[in-house]
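So that the names make sense, note that chain A is the first sequence line, chain B the second, and so on, each numbered from 1.
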There are 2 protein chains.
Amino acid sequence: MSRPPRARASVLDAFEDLLVESGERAATMDAIAKAAGVSKGGLLYHYASKEALETALLERLDELVEADIARIEQAPEGSVAYFLRSSVLHDDPLDRAIIATSRLAQGGSAHAGAALRSIRERWEATIRPHVRDRVTLELVMLVSDGLYFNNTLDDQSVPGPVPTGEALDALIALVEATVRP
Amino acid sequence: MSRPPRARASVLDAFEDLLVESGERAATMDAIAKAAGVSKGGLLYHYASKEALETALLERLDELVEADIARIEQAPEGSVAYFLRSSVLHDDPLDRAIIATSRLAQGGSAHAGAALRSIRERWEATIRPHVRDRVTLELVMLVSDGLYFNNTLDDQSVPGPVPTGEALDALIALVEATVRP
DNA sequence: GTCTATATACAGATAGAC
DNA sequence: GTCTATCTGTATATAGAC
């Protein structure tokens with residue numbers, strides 16, 4: 001755990017980037033090695049197989065989610081507002097890890113699918129105390145899922161259909177007014 | 001168009017099934033041929049390439065969406081309620097086509113991604129007259145997206161986190177009360 | 001720790017018989 | 001229209017030098 005080699009992290013970054021930017025088909029061992037600036041042999045010294053790389057991505061995701069949940073609970077603007085607002089961000093490490101994992105899940109990885117379900121449960125448990133009842137909890141979760149889903153479909157050129165700026169503020173205000181306990 | 005050979009349709013069905021049940025990695029030409037009960041050569045007589053198969057799936061999706069939009073507009077229970085309820089179904093042809101297309105989009109297919117964005121725009125235009133304003137329209141669309149997203153992650157064994165039965169009725173009632181013009 | 005070279009498997013696609 | 005056999009490219013992974 002201590003002092004992990006620089007190359008190891010940059011290989012994982014390259015894997016994640018390729019998944020996010022170009023999809024699972026593009027994330028081959030060759031492409032990952034090239035993007036990370038190492039040879040295929042070098043890559044395989046750090047991660048002995050593609051499955052090892054996927055496992056490492058899932059572990060990174062898990063750590064990022066843990067930190068995110070702490071932030072949700074302490075957010076000054078309120079947990080629901082913070083949770084929804086953070087569902088629409090694009091380029092922070094957590095969102096990239098989620099989108100990458102989502103690509104793997106849709107490709108057929110059962111582990112990745114299970115990881116996403118587990119994250120959703122942890123978020124749900126965190127939000128539960130801050131809403132009125134079961135139904136309003138569903139509403140918050142589904143709006144968040146919807147925001148994430150649109151993130152995953154975003155292509156870098158076209159702006160996504162998801163609200164930003166004042167439209168996002170208005171959406172959050174609407175949801176908060178509806179779900180407040 | 002008239003009297004399309006039975007085998008042609010069953011090849012497309014097999015492609016869709018493999019995408020939905022097992023993800024894009026599993027949907028190889030070999031696996032598709034086997035599932036459809038034809039040889040690889042037989043498959044390639046009907047669809048000369050994998051891209052042709054993807055194009056056919058997108059065309060099927062387009063037709064199903066067209067029919068769906070007509071149903072949304074005429075639904076006796078109201079367009080918003082019908083739209084949300086139909087977002088949670090699992091085994092109708094439209095949902096399977098959407099999930100299959102979603103797998104291709106996450107795999108990296110730009111065409112599939114564009115098709116999903118186009119569907120979303122058509123739905124949005126259909127729902128627009130039935131809600132109060134821009135913000136409530138966003139809310140309905142995002143809840144629908146959230147329901148679909150959870151569908152795509154559902155694994156066949158575990159029941160998904162998405163509401164059914166009375167919980168779904170309550171959710172729909174909540175959203176309708178919030179967005180009604 | 002990182003490299004080159006190579007083994008093995010499997011993908012998509014072609015050729016041509018029936 | 002459907003088949004078998006085969007070509008070609010490319011994916012993951014191994015072996016072993018440096």
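Here D:dT10 presents its C1' atom at 13 Å from CZ of A:Arg25, a figure rounded to the nearest Å. Rounded to whole angstrom, the span from the CE atom of B:Met29 across to the P atom of D:dG9 amounts to 18 Å. Spacing between atom CD of B:Glu54 and atom P of C:dG12 amounts to 10 Å, rounded to whole angstrom units. In this structure, the CG atom of B:Leu44 is 9 Å from the C1' atom of C:dT14, given to the nearest Å. In this structure, B:Lys50 places its NZ atom 14 Å from C1' of D:dT10, rounding to the nearest Å. Nucleotide D:dT12 holds its P atom 7 Å from the CD1 atom of A:Ile32, rounded to whole Å.
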Can you check nucleotides 2-5 of chain D for protein contacts, nitrogen or oxygen pairs under 3.5 Å, and list what you find?
unit_1 : atom_1 : unit_2  : atom_2 : d
D:dT2  : OP2    : B:His46 : NE2    : 2.4
D:dC3  : OP2    : B:Ser39 : N      : 2.6
D:dC3  : OP2    : B:Ser39 : OG     : 2.8
D:dC3  : O5'    : B:Ser39 : OG     : 3.2

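The one candidate from A:Gln74, A:Glu77, A:Arg71 that meets the side-chain hydrogen bond (donor to acceptor under 3.5 Å, both in side chains) condition with A:Tyr82 is A:Arg71.
Using cut-offs of 30° and 60° on the angle between ring planes, the pair A:Trp123 and A:Tyr148 is parallel.
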* Show the numbers, then the answer: is there a side chain to side chain donor-acceptor pair (under 3.5 Å) between B:Asp133 and B:Thr136? => CA-CA 6 Å; B:Asp133 54 22; B:Thr136 51; 2.9 Å; yes
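A residue-by-residue look at A:Ala48 and A:Thr28 shows that A:Thr28 has its nearest nucleotide of DNA chain D further toward the 5' end.
For the residue pair A:Leu116 and A:Ala105, the shortest heavy atom distance occurs at CD1-CB, 4.0 Å.
Using a 4.0 Å cut-off between a side-chain N of Lys or Arg and a carboxylate O of Asp or Glu, A:Glu121 and A:Arg117 do not qualify as a salt bridge. A salt bridge links A:Arg96 to A:Glu21: at least one charged side-chain nitrogen sits closer than 4.0 Å to a carboxylate oxygen. Ion pairing between a basic and an acidic side chain is recognised when a charged N comes within 4.0 Å of a carboxylate O; B:Asp62 and B:Arg122 show such pairing.
By the 6.0 Å contact criterion, CZ on A:Arg134 is open, its count of non-hydrogen atoms from other residues, nucleotides or ligands being 12 or less.
Note on A:Asp30: a base of the nucleic acid sits closer than 4.0 angstrom, heavy atoms only.
In the helix from C:dG1-D:dC18 to C:dC18-D:dG1, the rotation axis of the first five pairs and that of the last five pairs differ in direction by 0°, rounded to 10 degrees.
Not counting sequence neighbours, the partners of A:Glu24 by the side-chain hydrogen bond (donor to acceptor under 3.5 Å, both in side chains) test are B:Arg25.
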